Protein chains: 2
Amino acid sequence: MRLIVARCSAQYSGRLDTFLPEALRLLMFKEDGSVLIHADAGGYKPLNWMTPPTVIEQTGDLPTRIVVRKHAGKTEDRLEITLAEVLSDVSHDMGAPDSDAALNKDGVEAHLQELLAEQPHHCGEGLRLVRREWPTDIGPVDLMCRDADDEWVAVEIKRTATIESVEQITRYMERLKADPQFATCRAVLAAQSIKPQARVLAQSRGIACVEVDLAVLRGEREPELRLFAA
Amino acid sequence: MRLIVARCSAQYSGRLDTFLPEALRLLMFKEDGSVLIHADAGGYKPLNWMTPPTVIEQTGDLPTRIVVRKHAGKTEDRLEITLAEVLSDVSHDMGAPDSDAALNKDGVEAHLQELLAEQPHHCGEGLRLVRREWPTDIGPVDLMCRDADDEWVAVEIKRTATIESVEQITRYMERLKADPQFATCRAVLAAQSIKPQARVLAQSRGIACVEVDLAVLRGEREPELRLFAA
DNA sequence: AATTGTATATCGTCC
DNA sequence: GGACGATGTACAATT
């Protein structure tokens, strides 16, 4: 990794065109060809960047101009950095790419779907799973189940359910009900948390809402204890 | 800005929980409280991060543990970094935050809307613009036009049109048609590119789809200096 | 503070 | 390789 602190300006052309006026910034060149220009504020996002694969050219002994190129489909993405003053320029050998260990996430939507597929009764009393990722031509329904009366139940799973989640399951229902066999199919929206407006909209469309608790699904916590939690 | 290259591990808990095993990484502490952990590969995105405002605590003379806290609504976001070996630890004074100049963009959706407002016939033969940002109580319609037969046409503009775009214009149409004068109003979805599923959904709802080309729109314009201007 | 809409979104996954 | 959905989306503008 090469880190340059420099007064610089930059021009990007690709999906759009940008111009970055001259100021003091951090330039980051990763081993895989990633290039990032960061200001000393503004959080997460670089001002400009290029994702790999890239080709990097440097003009001048002291770096005065750096051009980063990338083939993006038919067109070429291009980031041109002009350095007016270099305050620091250091490189660090950070080892082989595979020496880096991957980030381990817990609590994403996929986990929730796995757990609910194993315990569909949390989405509604007496539910049995028929299929995960039930295909429709506008995308898959997360869980397709049958209830105690053998009626179809479509379940949409979200970490956080919003109005958009209600729109999504509404679209699926629209699509499913084109087939007479699903004429009486019910809809369930299951999420760790459901926004108030989403709940209202779901209610008005006859879509059931279920809030589920990851810890309960995992059996790490008794459902009863939840009554006393916040 | 403080830059630390170190063998480190990290734990984040907040919207989800993550664990980052020990490896050599770059830690970036911006003046505004932003904290980023970058690997020497992987592009744009930090492995872990915290956006401002944050509170940063450091334990030990030589940094051995750094805890970044942030109040995110009711809960607290927390990033804990454990440093096993510090290879480099430098700070750079990059000047006042306002000394940084903002990025100037050209070619975003707003520009597309400007161009189509000037040349509405690209959204459909014989279209004349009546008003940009036609207000409804659920948000503005991008362009409101009339066609050769003096019928109303509502145009939604996107850089990339997705199913969500179809939902959006559908909501507007629903709202407009509550007023008898728009009973026969047609809908057009104009975008640089339209996703196949969006096209399917639009078709099934009687919404016309038009793909427009920014270069063509610009080519027909007078040679005017728009690049990088506001 | 909460909601909405855009993004050079980025990133995985599945077809 | 293209398309689609999730993301700690981030982020800005608006209510």
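Residue numbering restarts at 1 for every chain, and letters A, B, ... go by the order of the sequence lines. Note that the structure is a prediction, hence the values are computed from the model and not measured.
Applying the 3.5 Å distance criterion, the base of C:dT10 shares no donor-acceptor pair with the side chain of B:Tyr44. For B:Asp17 and D:dG8, a side-chain-to-base donor-acceptor distance below 3.5 Å is absent, hydrogens and geometry of angles not being considered.
A:Lys158 and A:Gln192 form no side-chain donor-acceptor contact under 3.5 Å, judged by distance and modelled atom types alone. Judged purely by distance below 3.5 Å, without hydrogens or angles, the side chains of B:Lys195 and B:Ser165 never pair a donor atom with an acceptor atom.
Only one option out of B:Gln11, B:Arg65, B:Arg69 pairs with B:Glu80 in a side-chain hydrogen bond (donor to acceptor under 3.5 Å, both in side chains); it is B:Arg65.
The main-chain N or O of A:Asp106 is never found under 3.5 Å from a side-chain atom of B:Asp17 such that the two would form a donor-acceptor pair.
If A:Asp77 and A:Gln197 are placed on DNA chain C by their nearest nucleotide, the residue sitting closer to the 5' end is A:Gln197. Along DNA chain D, the nucleotide nearest to B:Arg15 and the one nearest to A:Ile157 differ in position, and the one closer to the 5' end is contacted by A:Ile157. Heavy-atom distances to DNA chain D give each of B:Thr51 and A:Pro140 a nearest nucleotide, and the one nearer the 5′ end belongs to A:Pro140.
Look at CG on A:Asp142: it is 11 Å from P on D:dG5, rounded to the nearest Å. Taking atom CG of A:Leu201 as the reference point, atom P of C:dT4 lies 11 Å away to the nearest angstrom. With rounding to whole Å, B:Ile163 atom CD1 is found 5 Å from D:dG5 atom P. For the pair A:Glu109 CD and C:dT13 P, the computed distance is 13 Å after rounding to whole Å.
Look at the C1' atom in both D:dT7 and C:dA7: the space between them is 13 Å, to the nearest Å.
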